[in-house]
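Proteins get letters first, then strands, A, B, ... in listed order; numbering begins at 1 in each.
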Amino acid sequence: MSVVLQIKAATAKAIEQLYGVNLAPETVLVNATKTEFEGDYTIVLFAFVKQLKKSPDALGEELGSFLVKEQPHLFSGYNVIKGFLNLVLSDDFCSAFVSGQYQNPKFGFAEEGQEKVMVEYSSPNTNKPLHLGHLRNNFLGWSIAEILKHTGHEIVKTCIVNDRGIHICKSMIAWQRYANGATPESTGIKGDHFVGDYYVKFENELKAQAEPIIDAAVAGDFSSFEAKDLPKLTALQKVYTTEKDGPKKEAAIKAYEEIRELARNATPVMKEAQHMLLQWEKGDETVISLWQRMNSWVYAGFDETYQKIGSDFDKVYYESNTYLLGKDLVEEGLAKHVFFQKEDGSVWIDLTADGLDEKIVRRKDGTSVYITQDIGLAEQKQKEFNAAQSIYVVGDEQNYHFKVLKLICQKLGLPSADGIFHLSYGMVELPSGKMKSREGTVVDADDLVADMIAIARQKTEELGKVKDFTETELQELYEIIGIGALKFFLLRVDPKKKMIFNPEESIEFNGFTGPFIQYTHARIKSILRKQEQITDLAGTANLPLLPLERTLAIELEQFPAILEEAAREHDPSKVAIYVFNVSKTFSSFYAEHSIANAESEAKKQFRLQLAALTAQVIKTAMHVLGIRVPERM
RNA sequence: GGACCGGUAGCUCAGCUGGAUAGAGCAGCUGCCUUCUAAGCAGCAGGUCAUUGGUUCGAAUCCAAUCCGGUUCACCA
């Protein structure tokens, strides 16, 4: 049990014995004591004052002396200042904790046997390579899975690959038109980038073809459009021309955008792509074989990237296999009157009672929509793995979608419904705003990883500390540091918040960064390497401790509670902030006090234990963030 | 327009289940390598916690209103 929980329990018990009042331990507010006061943990007394009819000072005195008397092993002193009871943990308790845990490689882990959790993350499209936003997703997903593992959960990591649809056909069309049979092998371009390049070529061609159609439409010439679009176009064109210089300029812009959308769909290339999608759905052999071929290029590219950044999956779903799921559930929902049918045959759910809107679940032509596939996949996952919880790591632009998904699943009575949790994360933006592929500001994942490794190389060479490393060892070290810096940078902020990435200022290696923590680990390992074995002298038991030794030990003790908190809140940044603080405390300690030349042999042994435990905690904490720590750097 | 999210130091972020004088890192300025790795340490400076009102012993934290920014409300995925 953590110290904080022990304090809460002890306080509740003390209040019962002193005043005969029963309190739940959770209601006791325990904080870390502010540095300007003496003590380690502080009980805030105001909450009990009224109930116990005591002044805060009197209560603090009585409680403090009682706790110290009853729990001499835990507390060695107390003081009361303005309604705060500051408790001093005993040196014995701190040193016993360190001695007891420094050889425990599983310190921080909870017992196994917690419920099974599925984590779906990464979920790429096969028409484009991964970018910075995907990196945040991948790092978050991997980390939250690992954190849950360490808090005792069985984990199934999954990925749903969006491998079909109009966007894939776009790349295919462009390849047919422009590639002349070129392949990743023949060009030496990584497969996902190769296919992505053709997607861009398609978009360029589409834009070129759409422009004259838009211009004509704006001028009232609709000859490129099909008859069914004409009424709508006429209306839009009217809005645009009458409002573009008037007070309702926004309406004009919106009208223009809709005209553009219609024009894009009226282009010959777009029609080709749409035709190809139909062929694909019919199972046309040439289309399918091209599709398989191009996707295989993409997968080879993704595999390389995943390998590099450490993403892995226990089960991969492909949308080409799952996009028809959910159809039975529509029938079921209709039978249960969860859904209703409109006159045109389309099927809907009314969520207005839940504060949302009506949502379509099946088109009038009988095909299912995105959300229907997701409901079907949720059911499929439940049948296959029966996890109690299902976490979806998906950007916050889909908050509404997941709210709807969970509601529908609940209304359908799917067993997995209550376990659906959308781990929503904010977009990664540039100082200039969102990344836009049209403006070429998308930060490519492979490029960024390569840049980080190159910077790690440059900095390492400047410092010149590892000249005896082999080329293989150096390469590994650069990757550990470069990718570590990148992962830490993306994981150290609250997932829910959008974050700014400035490509001009490259990711730091000093301060609140991965490399600083890795460096702290390497320094500890360097000391431990030079020492004989740590001998667990009984003499470490009654040592008076210095403030920094106490601070460090107390901070290390909090590690299991931090992992629990990170798991509960689905927030790896809690771990990142914690491990940075531990590293900072150790660095201060390291600068102030010598370990190898400690005042006494017992002190030296204790400090070695403390250092070993610190390294252990750093390693484990960084591991759950997906970051390796080097022995030397 | 409805719903949701955010606004804390020059910049990037903690702190938000109410608790002491609001914390880090970066950038700026001072010091510190003949002793365990200076990717480090110690210090200085930097704040109307968007604004206004409310709740209370106590508000960055809770409530209301306002301002600013974002996302979303497709027979797209």
Side-chain angles (χ1 to χ4, degrees), chain A residues 26 29 31 33-37 42 44-47 49-50 56 81-84 86 125 162 164-167 261 319 323 342 344-348 355-371 373-374 395-401 403-404 424 426-427 429 431 433-434 456 459-460 462-463 465-466 481 485 489 492-494 496-502 505 508-520 522-531 573-574 576-577 580-581 583-584 587-598 607-608 611 632-633:
Chain A
E26 311 87 79
L29 182 58
N31 291 335
T33 303
K34 295 241 164 200
T35 42
E36 53 266 43
F37 303 104
T42 297
V44 182
L45 300 167
F46 299 101
V49 167
K50 224 174 241 173
I81 300 168
K82 295 198 300 181
F84 298 92
N86 301 319
N125 291 346
N162 188 354
R164 51 142 249 129
I166 190 72
H167 51 291
E261 210 44 47
E319 207 186 283
Y323 81 109
K342 290 198 175 175
D344 64 3
S346 58
V347 180
W348 297 71
L356 306 176
D357 306 291
E358 287 187 351
K359 182 87 189 171
I360 191 162
V361 294
R362 191 171 73 193
R363 297 187 186 99
K364 66 181 171 204
D365 65 7
T367 56
S368 54
V369 293
Y370 179 49
I371 195 139
Q373 300 169 29
D374 267 3
D396 62 5
E397 61 212 343
Q398 295 203 40
N399 284 353
Y400 181 79
H401 172 78
K403 214 182 256 183
V404 171
S424 162
M427 296 290 108
E429 295 182 6
K434 299 179 79 170
K459 300 221 177 201
T460 305
E462 277 168 19
L463 292 168
K465 293 180 182 181
V466 286
I481 296 172
F489 182 85
R492 67 179 197 179
V493 309
D494 185 340
K496 287 193 289 296
K497 298 196 177 178
K498 73 173 184 195
M499 62 182 299
I500 313 280
F501 172 77
N502 190 344
E505 307 163 15
E508 288 283 337
F509 283 62
N510 302 326
F512 185 17
T513 68
F516 166 70
I517 296 158
Q518 292 170 324
Y519 177 65
T520 309
R523 293 217 282 190
I524 296 172
K525 281 322 194 58
S526 169
I527 296 168
L528 297 178
R529 226 176 285 124
K530 288 173 187 157
Q531 297 306 318
S573 75
K574 295 279 193 300
I577 291 163
F580 169 64
N581 285 327
S583 299
K584 236 174 11 147
S587 293
S588 300
F589 167 74
Y590 176 94
E592 293 256 338
H593 309 293
S594 174
I595 294 170
N597 299 312
R607 286 184 185 163
L608 285 170
R632 292 177 55 194
M633 67 184 275

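Taking all atoms of both residues into account, the shortest heavy-atom contact from I500(A) to P431(A) is CG2-N, 3.9 Å.
Residue H401(A) contributes atom NE2, which lies 13 Å from atom C1' of rA74(B) at whole-angstrom precision. Atoms CG (L356(A)) and P (rU71(B)) sit 20 Å apart, rounded to a whole Å. Distance, N581(A) CG to rC41(B) C1': 16 Å, rounded to whole Å. Atom pair E397(A):CD and rA77(B):C1' shows a separation of 11 Å (rounding to whole Å applied). In this structure, NZ of K498(A) is placed 5 Å from C1' of rG70(B), rounded to the nearest angstrom.
A salt bridge does not link K342(A) to D344(A): none of the charged nitrogens lies less than 4.0 Å from a carboxylate oxygen.
In this structure, F516(A) does not count as stacked on the base of rG40(B) under the 5.5 Å centre distance and 30° plane angle limits. Stacking is found between F37(A) and the pyrimidine-like six-membered ring of the rA20(B) base under the 5.5 Å centre-distance and 30° plane-angle cut-offs. Put simply, F512(A) does not rest on the base of rA24(B): the two rings are not both less than 5.5 Å apart at their centres and under 30° in tilt. Ring stacking holds between Y590(A) and rC36(B), with the centres under 5.5 Å apart and the planes within 30 degrees of each other.
An anti orientation is assigned to rC57(B), its glycosidic angle lying beyond 90° of 0.
Annotation: cation-pi pair R492(A)/F512(A) present, NZ/CZ under 6.0 Å from the ring centroid and within 45° of its normal.
A close approach under 4.0 Å does occur between a side-chain nitrogen or oxygen of N510(A) and OP1 or OP2 of rG40(B). Of the side-chain N and O atoms in S594(A), none sit less than 4.0 angstrom from OP1 or OP2 of rC36(B). For the pair K497(A) and rA14(B), the criterion of a side-chain N or O lying under 4.0 Å from OP1 or OP2 is met.
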Can you give me every donor-acceptor pair (side chain of residues 588-597 of chain A, partner residue at least two apart or in another chain, under 3.5 Å) with its distance?
{"residue": "S588(A)", "atom": "OG", "partner": "K584(A)", "partner atom": "O", "Å": "3.2"}
{"residue": "S594(A)", "atom": "OG", "partner": "N597(A)", "partner atom": "N", "Å": "3.0"}

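Taking a pair as Watson-Crick or G-U with both hydrogen-bonding distances under 3.5 Å, the stems of three or more pairs touching RNA chain B are B:1-7 with B:67-73, B:10-13 with B:23-26, B:28-32 with B:40-44, B:50-54 with B:62-66.
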